[in-house]
Trainee: 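There's a structure below that I have some questions on.
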Amino acid sequence: MEIIRGLVERVTYLNEENGYTVIKVKAKGFQDLVTLVGIMGNINVGSVLEVKGNWKVDPQYGKQFQVIEFQEKIPASRRGIEKYLGSGLIHGVGPVNAKRIVGHFGETTIQVLDEEPERLMEVEGIGKKRAVTIQKAWEAQKDIKNVMLFLQSHGVSTAYAVKIYKTYGNESIPIVSENPYRLAEDIWGIGFKTADKIAKHMGFENDSPNRVNAGLEYVLAELSGEGHCYARKQQLTEAAVSILEIDEELVEKGILRMLEAGKIINDLEDSIYLPVFYYSEVKVARKIANLMEGPSRYGQIDVEKQLKEQKHSIKYHDIQIKAIHKAIGSKMMVLTGGPGTGKTTTTLAIIKTFEQLKAKVMLCAPTGRAAKRLSETTRREAKTIHRMLEFKPGEGFKKNQDHPLNCDVLIVDEASMLDIVLTNNLIRALKNDTVLIFVGDVDQLPSVGPGNVLKDIIASGCIPVVKLERIFRQARGSLIITNAHRINQGDFPYLKGRRNRDFFYMESDDPEEIPEKIVSLCNKRLPQYYGIDPIDDIQILCPMQRGSTGAFQLNQLLQERLNPQDKKINYGGTQFRLQDKVMQIRNNYDKNVYNGDIGRVTGVDEVNRKIFVNFDGLVKEYQDSEMDEIVLAYAMTVHKSQGSEYPVVIAPLTTQHFMMLQRNLLYTCVTRAKKILVLIGSKKAIAMAVKNNKVEDRNTWLARRIEGFINQ
């Protein structure tokens, strides 16, 4: 293997999921910048790297150095120190102040920071207050230097070292030394594979009990990421053998060890659960059974009389009246149906009827966007489930079985988005005489989290369900709605139609030409014709992240064309610019911002490496170490769009995406468009999606448990 030592000039690409990085370094003996590629995680610009590896020639990107091992060091040169200090590692020092500090102290900068930090006030533009801030940040950095050196010797990046230190403090080294697999459980951004790599560096054997335990938890967590609540025992064993590369006997011993310790639970038909999903599933089923006990206190009400007394009385269809009857006469019910079938009108009639009966009605939805839309359509307050249950970071939900919600009726919109854990937290906060109504489209994509709650409740056969199927006359004029129903029934959509239509199709069999067509639509054609904002009003929805028409590549392109701002911060392989459209990708309870929330960057502090994001009027600050929680959102996957509507949707659909071309994905995509939908791609890809109705079943026993508890 060859060894290269160089100064990091820029980070070209970083895959947050697996740590694969492409960086450019200025290395001794090389005239041009050297491209390093490999699993290196989050590297700071200005760091000095010593890497071991081999040269390779990529057919697309040319000569690159494939990194096998690397060490990250504090730089010694003026230029290196400047880049290092300005990389965001030291709070209060951005590129501008770094240049001033190094310009004043030169190569003695590190010594000054270590021994005479009060001298920082000699630097132009740095007063006493900022000097103290920098001093504290440097001291904190010094405290974790040993931790960083220890972790870096085992292949951990500076960014992860900071996160580890923030989590474990001075106990970092003993905790990681004893069981590095804890990192996968405790640290956002570090998964099993990264922890396993660290453990191997530290000399942990393949058959280490800690490794086997962590591997089993990893398999179950990965399956939960695919929507499963449990793994079949054989499924778990085979996956663990493959990932851990050990004998089946060792995996089976690990399963027994985990069962005895209560880390996993074995239940129906050899189903292996992580405890959180097992208890959530059991408690949801038991609570539904409790809710269904006895008659509704509103069961004897004359519904027709109540409807006649409503102001601006609407003539309801028979199926809508049936839904209102079911809602009033049942302890729990499900209202489902596709677009244009009158779900909103029916829900509003149900709300008004309960209000006439002096019942206290509360409305909620899983996401902020869905709650906002529910509030707009009903003209009543609607909250996110987290806000309604008064979630507090570090404390959990204030509303629970001991402090239940004060309402007679709870209506939950976009119920197809409910995963099993959130559902458990929601319904345990209900009194047993509360009427619970789920509203949602069961044919949409299921929840991102584990479980298939709405489908399972319907499948149990124990809960009253009304499905609205008749498309109302005013909705029949919409090709979006017509085609959504055609797709859902397995029929090819109408691609050409009447004038003033809302559904358009642009044929393109070449995936490489589609990105430029999308840029043209966003930058010129749609804004000029409809008078809309290209960033706020247009959303690109993609079947997947990868590929030339995937969300990642389109985000880079659209940012460059739609938002060519100079004020920006580089983080990993992404630039965050002033006015960028961004999306939160994990629940951050401290900020009260949740996975899928969309915002705009309203402030960029290049000196202190911070950005400020406006989420529906609430501005949140993101420091350098938190920027892995947000991504660009000019384009996103269809899965991330659940529960939202956008004025204009552009959807690229090509055979590149064949793995994801499913009917419910295309149906969900089409139903996200409020006014205009532009489908761009090949007819073959559309046909593949429409025909593919093989929705993979999720491992869940909720339906069976509901039936069991109700019938016992």
Trainee: Measure the spacing between CD1 of I480 and CG of L677 and express it to the nearest 0.5 Å.
Mentor: 5.5 Å
Trainee: Quick one: which of R369, K372, R672, R373 gives a salt bridge (Lys or Arg N to Asp or Glu O under 4.0 Å) with E645?
Mentor: R373
Trainee: Within the 4.5 Å heavy-atom criterion, are I420 and T700 side-chain neighbours or not?
Mentor: no
Trainee: Any donor and acceptor pair, going by atom type alone, linking the side chain of E414 with main-chain N or O of A371 inside 3.5 Å?
Mentor: no
Trainee: What's the spacing between T336 OG1 and I457 CD1 if we round to 0.5 Å?
Mentor: 11.5 Å
Trainee: Hey, what's the ring geometry for Y230 with Y273, parallel, tilted or perpendicular (30° and 60° as the breaks)?
Mentor: tilted
Trainee: Does any N or O in the side chain of D537 come within less than 3.5 Å of the main-chain N or O of D533, such that one atom is a donor and the other an acceptor?
Mentor: yes
Trainee: Closer than 3.5 angstrom, by distance alone: can the side chain of N563 be matched with the main-chain N or O of Q559 as a donor-acceptor pair?
Mentor: no
Trainee: Do you know the tightest heavy-atom contact between T367 and A370?
Mentor: OG1-N, 3.1 Å
Trainee: Heavy-atom distance under 4.5 Å between the side chains of K581 and Q539, does that happen here?
Mentor: yes
Trainee: Less than 4.5 Å apart, any side-chain heavy atom of I630 and any of V601?
Mentor: no
Trainee: Heavy-atom distance under 4.5 Å between the side chains of L405 and T434, does that happen here?
Mentor: no
Trainee: Where do D597 and G368 come nearest, in terms of heavy atoms and distance?
Mentor: OD1-N, 4.3 Å
Trainee: Please list all pairs passing the side-chain hydrogen bond (donor to acceptor under 3.5 Å, both in side chains) test where one or both residues lie in residues 375-391, with sequence neighbours left out.
Mentor: E355-R380
Trainee: Which atom names give the shortest non-hydrogen contact between D628 and I585, and what distance separates them?
Mentor: O-CD1, 3.5 Å
Trainee: Show your reasoning for whether side-chain hydrogen bond (donor to acceptor under 3.5 Å, both in side chains) applies to Y667 and D441.
Mentor: CA-CA 11 Å; Y667 173 74; D441 187 345; 2.4 Å; yes
Trainee: Where the side chain of D580 meets the backbone of V582, is there a donor-acceptor pair that is under 3.5 Å apart?
Mentor: no
Trainee: Is it true that, when you exclude R586 itself, more than 12 heavy atoms of the residues, nucleotides or ligands shown sit nearer than 6.0 Å to its CZ?
Mentor: yes
Trainee: Just do the side chain to side chain contact (heavy atoms under 4.5 Å, CB included) check on M627 and T574 with the steps written out, would you?
Mentor: CA-CA 10 Å; M627 290 183 197; T574 301; over 6 Å; no
Trainee: Taking V412 as the fixed residue, which of I437, T423, L436, V334 is the one that meets the side-chain contact (heavy atoms from CB on, under 4.5 Å) rule?
Mentor: L436
Trainee: How long is the straight-line distance from NZ of K197 back to CG of L183, given to the nearest 0.5 Å?
Mentor: 13.5 Å
Trainee: Is the number of heavy atoms from other residues, nucleotides or ligands under 6.0 Å of D566 CG greater than 12?
Mentor: no
Trainee: Rounded to the nearest 0.5 Å, how far does CG of L274 lie from OG of S224?
Mentor: 6.5 Å
Trainee: Roughly how far, to the nearest 0.5 Å, is the CD1 atom of I611 from the CG atom of D605?
Mentor: 11.0 Å
Trainee: Partners of D590 by salt bridge (Lys or Arg N to Asp or Glu O under 4.0 Å), sequence neighbours excluded?
Mentor: none
Trainee: Does K392 use its side chain to pair, donor to acceptor, with the backbone of K398 at less than 3.5 Å?
Mentor: no
Trainee: Given V11 and N570, is the side chain to side chain contact (heavy atoms under 4.5 Å, CB included) satisfied, shown in steps?
Mentor: CA-CA 8 Å; V11 179; N570 289 310; over 6 Å; no
Trainee: Dump the intermediate steps for side chain to side chain contact (heavy atoms under 4.5 Å, CB included) on L454 and L418, then the final yes or no.
Mentor: CA-CA 7 Å; L454 186 64; L418 288 170; over 6 Å; no
Trainee: So which heavy atom on I350 is nearest to which on I411, and how close?
Mentor: CG2-CD1, 4.4 Å
Trainee: Distance-only, no hydrogens or angles: does the T549 side chain make a donor-acceptor pair with backbone N or O of P652 under 3.5 Å?
Mentor: no
Trainee: Nearest 0.5 angstrom please: I540 CD1 to C522 SG, how far?
Mentor: 4.0 Å
Trainee: Mind checking whether D413 and L363 have side chains closer than 4.5 Å, heavy atoms only?
Mentor: no
Trainee: If the condition is ring pair (Phe, Tyr, Trp, His ring centres under 6.0 Å), which residues does Y218 pass it with, not counting sequence neighbours?
Mentor: F192
Trainee: Y622 vs F615 aromatic rings, parallel, tilted or perpendicular, using cut-offs 30° and 60°?
Mentor: tilted
Trainee: Would you mind reporting whether N523 and P534 have side-chain heavy atoms less than 4.5 Å apart?
Mentor: no
Trainee: Evaluate the side-chain proximity of T194 to I198: yes if any heavy-atom separation is below 4.5 Å, no if none is.
Mentor: yes
Trainee: With a cut-off of 6.0 Å (strictly less than), are more than 12 heavy atoms of other residues, nucleotides or ligands near OH of Y279?
Mentor: no
Trainee: So, for N452 and P446, which heavy atoms are closest and what is the spacing to 0.1 Å?
Mentor: OD1-CB, 3.5 Å
Trainee: Closest heavy-atom contact between A231 and L220?
Mentor: CB-CD2, 3.6 Å
Trainee: Please assess K399 against N425 for the test side-chain hydrogen bond (donor to acceptor under 3.5 Å, both in side chains), listing each intermediate value before the final yes or no.
Mentor: CA-CA 9 Å; K399 294 296 183 183; N425 284 305; over 6 Å; no
Trainee: Give a yes or no on whether the backbone of V638 and the side-chain of S641 come within a donor-acceptor separation of less than 3.5 Å.
Mentor: yes
Trainee: K287 side chain to L430 main-chain N or O, any donor-acceptor pair under 3.5 Å?
Mentor: yes
Trainee: For a ring-ring contact (aromatic ring centres under 6.0 Å, His included) check, start with the C-alpha distance between F391 and Y594, then their side-chain angles and the critical distance, and finish with the verdict.
Mentor: CA-CA 12 Å; F391 184 87; Y594 301 98; 7.4 Å; no
Trainee: Can K591 and E629 be counted as an ion pair, charged N to O under 4.0 angstrom?
Mentor: no
Trainee: Start with the C-alpha distance between Q565 and V604, add both sets of side-chain angles, then the distance that settles side chain to side chain contact (heavy atoms under 4.5 Å, CB included), and finish with yes or no.
Mentor: CA-CA 11 Å; Q565 297 268 356; V604 174; over 6 Å; no
Trainee: Could you tell me whether a side-chain N or O of N664 sits under 3.5 Å from a main-chain N or O of L445, the two making a donor and an acceptor?
Mentor: no
Trainee: Could you check if a side-chain atom of S447 sits within less than 4.5 angstrom of a side-chain atom of R698, using non-hydrogen atoms only?
Mentor: yes
Trainee: Answer yes or no: is there a donor N or O on one side and an acceptor on the other, between the side chain of K343 and the main chain of G337, under 3.5 Å?
Mentor: yes
